[in-house]
Amino acid sequence: MSQKTSVSSDQSTAKPLAAGRHGERISTLISSKRAKIDRQIGLELFRDMTLGRRFEDKCAEMYYRGKMFGFVHLYNGQEAVSTGVIGAMKRQHDWFCSTYRDHVHALSAGVPAREVMSELFGKETGCSKGRGGSMHLFSQEHHLLGGFAFIGEGIPIALGAAFTSRYKRDALGDASSNAVTAAFFGDGTCNNGQFFECLNMAQLWQLPILFVVENNKWAIGMAHERATSEPEIWQKAAAFGMAGEEVDGMDVLAVRAATQRAIKRARAGEGPTLLECLTYRFRGHSLADPDELRAEEEKQFWAKRDPIKALEKDLTSDSLVRADELRAIEKEIDAEINDCVEFALAAAEPNPKELTRYIWAED
Amino acid sequence: MAGTLLFNALRDAIDEEMARDSLVCVMGEDVGQYGGSYKVTKDLYEKYGELRVLDTPIAENSFTGMAVGAAMTGLRPIVEGMNMGFLLLAFNQISNNMGMLRYTSGGNFTIPTVVRGPGGVGRQLGAEHSQRLEAYFHAVPGIKIVACSTPTNAKGLMKAAIRDNNPVLFFEHVLLYNLIEELPEGDYVCALDQADLVREGKDVTILTYSRMRQHCLKAVEQLETDGIDVELIDLISLKPFDMETIVRSIRKTHRVIVVEECMKTGGIGAELIALITEQCFDELDARPIRLSSQDIPTPYNGKLENFTIIQPHQIVEAAQQIVLKGL
Ligand SMILES: Cc1ncc(C[n+]2csc(CCOP(=O)(O)OP(=O)(O)O)c2C)c(N)n1
Ligand SMILES: [Mg+2]
């Protein structure tokens, strides 16, 4: 069932790369089936990725200016995954489940930047009413099941959402119930029991779920190869009889195409997919991370694969859009981000009288 | 009409609620084809099908989390812990997501779930199968904890738990499944947050729950012959406590004994007595007494096991001491 879209690298002949095996894998990966897009989609993808990137840059600025507290994990470098996956799904219909690195997934899912930034500032206007914070973004309206801060714990939650889709279709006879759930998590998380347990159940019950691994090679300071016996995560799908695929996670069109294939299967009742996206984070693990372990050459290797620049190149060389159109989008986004910061700064804090509200369903 | 066994009372409650609301479903190990390890879901698989009565792999944390995700997206799952002790493996999902997620999400999601199953010290089941997780879970915010103790309240509480929009941890007891009783007719529901005033009395208040209710009833019989008039209250709700009923009783008797099956340290009684001291210290004529299990893993040997948990004669002695000697 598993389909391999890469050419496996021969260790003995491969040129040793500063980026190690992770870098080797992406260098030899052939993304044969990239998504075909029109001008409109191209602009949307560029807008979503740029919003994600610039939002995160603003977060770093605000964090260092003391407007934001706690652990803040930025997504820079991984934008092609959020945009590629969520952009290929139906917002407010399909479900999305994230981790502590959740700002950009929330934005891609359609949570307004004002609500996300407000949440990071701990304001009442935040998507979690200032009770959640950076690692706990939620939006029922936008089908964001949450940011989950413990490793792996979001995967069973996503499985539950996928179970509901099947339950509504097959136990309640609602033929229109075809929502698919995408669960995002990292390479380090794939060594946790909940990952394996849920892969098993998802395949066993043919649930409409997409397991999206954002393999950025690092789990804080633990390099992927040092943590796992089989670094090719997508191959683990085969142990469950599940479809697995590896994809260039710096190429939004490759991610989009792989997602479209998976979603098509899931909606048709043909079960889950494990999608391993090879990617890299351009910043430290969190804004508190001194980032001392990752080699400069490795960072440069990946910086050359900046997914937003890659998309721009695709769009302009195909003459789908002009560079000045993209610059105009960037300007709009800068305005949107300034607006969300102003909005969040001016917003009210939660009322201390409501400290114990939201514990119970009735309140 | 013949009586109903407690496990069948629970089964009837689940059956009736599943018939009433198609969003109610059951998931857990051997709940389907096998009918549940204590037969609480017997025949429901045949009646409602494999999705509504879902046999899960042995993956407690993941299927409990799955229930949370299903509840967030509209279902009303009942999770069976084959033995409540196994839910130690689901501690993370119960605490972080079942209990805290509604708050953390600023009210975005509600988690209407019931987690139920057998707990308590049985007959020589060994330490791991004899746990009282109600005490371990007591500190988790956002969950209600109840313990049933008779066929009648088992059914009424189970129905209430299923209809409640909050997560409810529902403790059954391995040694109570075969209690038999005639149930009230028709569709009745018991309040999840109300203690049961089992026997009115004026000399001493005994607070207990789950199987220890049986031990207390035995002690009460003996104490009656001694002329000691016990007010016996079954807590039912372990979180939150029904402090109104409890304080009202203590205002009358001025003496209180807590009888529990959990261990003493960090137990239910520890919290209960702290609250009683805070709320009605001046009403007490004697120091509160706590009768709890020893702070040890439950030993296999039958004699040692009996020494580990409270026996009726210890309740009698404590009541005599507090009422007759005022100690
Ligand atoms: C249960 C648990 N253990 C440890 C941590 C601390 N922790 C936070 S992120 C992280 C690394 C995760 O790496 P990965 O899954 O690759 O995701 P990434 O951060 O790279 O996106 C660890 C160990 C945690 N949050 N939860
Ligand atoms: Mg990682």
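Here is the naming used below: chain letters follow the sequence lines, and residue numbers restart at 1 for every chain.
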Can you tell me how far the [atom1] atom of [X] sits from the [atom2] atom of [Y], to the nearest 0.5 Å?
X        : Y        : atom1 : atom2 : answer
A/Ile157 : B/Ile111 : CD1   : CD1   : 7.0 Å
B/Leu101 : A/Tyr358 : CG    : OH    : 14.0 Å
B/Thr73  : A/Leu145 : OG1   : CG    : 7.0 Å
B/Phe63  : A/Leu159 : CZ    : CG    : 12.0 Å
A/Arg131 : B/Arg102 : CZ    : CZ    : 11.0 Å

Do the side-chain N and O atoms of A/Gln194 and B/Asn61 include a donor-acceptor pair separated by under 3.5 angstrom?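 There is such a pair (donor and acceptor under 3.5 Å, judged by atom type) between the side chains of A/Gln194 and B/Asn61.
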Could you check whether B/Asn96 and A/Glu153, counting side-chain N and O atoms only, form a donor-acceptor pair closer than 3.5 Å?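 Short answer, yes.
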Using only non-hydrogen atoms and a strict under-4.5 angstrom cutoff, which residues of residues 112-130 of chain A touch chain B?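 Listed by number: A/Cys127, A/Ser128, A/Lys129.
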Heavy atoms under 4.5 Å from chain B: which residues of residues 161-184 of chain A carry them?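 Residues A/Ala161, A/Phe163, A/Thr164, A/Arg166, A/Tyr167, A/Lys168, A/Asp170, A/Ala171, A/Leu172 are the ones that qualify, each having a heavy atom under 4.5 Å from chain B.
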Is the [atom1] atom of [X] crowded by more than 12 outside heavy atoms at less than 6.0 Å?
X        : atom1 : answer
B/Glu46  : CD    : yes
B/Tyr188 : OH    : yes
B/Glu244 : CD    : no
B/Tyr45  : OH    : yes
B/Lys39  : NZ    : yes

Let me know if [X] has heavy atoms under 4.5 Å from chain B in its side chain, its backbone, both or neither.
X        : result
A/Leu137 : neither
A/Asp363 : backbone
A/Phe148 : side chain

Listed once per pair and sorted, the salt bridge (charged side-chain N to carboxylate O under 4.0 Å, His left out) pairs that draw on residues 59-71 of chain B, sequence neighbours left out: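 Residue pairs with at least one partner in residues 59-71 of chain B: there are none.
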For chain A, the option from [options] that forms the most heavy-atom pairs under 4.5 Å:
options                              : value
B/Pro57, B/Gly49, B/Pro141           : B/Pro57
B/Gly74, B/Ser62, B/Ala59            : B/Ser62
B/Asn92, B/Thr56, B/Thr110, B/Asn165 : B/Asn92
B/Asp164, B/Asn97, B/Val68, B/Thr64  : B/Asn97

Show the numbers, then the answer: is there a side-chain contact (heavy atoms from CB on, under 4.5 Å) between A/Phe150 and B/Gln93? CA-CA 10 Å; A/Phe150 273 28; B/Gln93 289 294 347; over 6 Å; no
Check: A/Trp360 main-chain N/O paired with B/Asn166 side-chain donor or acceptor under 3.5 Å: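 No: the side chain of B/Asn166 does not pair with the backbone of A/Trp360.
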Distance-only donor-acceptor hits, side chain of residues 344-354 of chain A, under 3.5 Å, sequence neighbours excluded:
{"residue": "A/Asn351", "atom": "OD1", "partner": "A/Lys353", "partner atom": "N", "Å": "2.8"}
{"residue": "A/Glu354", "atom": "OE1", "partner": "A/Arg357", "partner atom": "NH1", "Å": "3.4"}
{"residue": "A/Glu354", "atom": "OE2", "partner": "A/Arg357", "partner atom": "NH1", "Å": "3.2"}

Under the criterion side-chain contact (heavy atoms from CB on, under 4.5 Å), I'd like the reasoning laid out for A/Trp205 against B/Leu51: C-alpha separation, chi angles, the key distance, then a yes or no. CA-CA 9 Å; A/Trp205 298 320; B/Leu51 278 178; 5.9 Å; no
With a 4.5 angstrom heavy-atom cut-off, which part of B/Met27 approaches chain A: side chain, backbone, both or neither?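 Answer is side chain: those atoms of B/Met27 sit under 4.5 Å from chain A.
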For the candidates A/Cys198, A/Gly133, A/Ser139, which exhibits the highest count of non-hydrogen atom pairs separated by less than 4.5 Å from chain B?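 Among A/Cys198, A/Gly133, A/Ser139, the one with the most close pairs to chain B is A/Ser139.
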Would you please classify the geometry between the A/Trp95 ring and the B/Phe109 ring as parallel, tilted or perpendicular, with 30° and 60° separating the classes?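 The arrangement is tilted - the two ring planes meet at 30° to 60°.
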Evaluate side-chain contact (heavy atoms from CB on, under 4.5 Å) for A/His136 paired with B/Ser105, printing each intermediate quantity in order. CA-CA 7 Å; A/His136 300 292; B/Ser105 77; over 6 Å; no
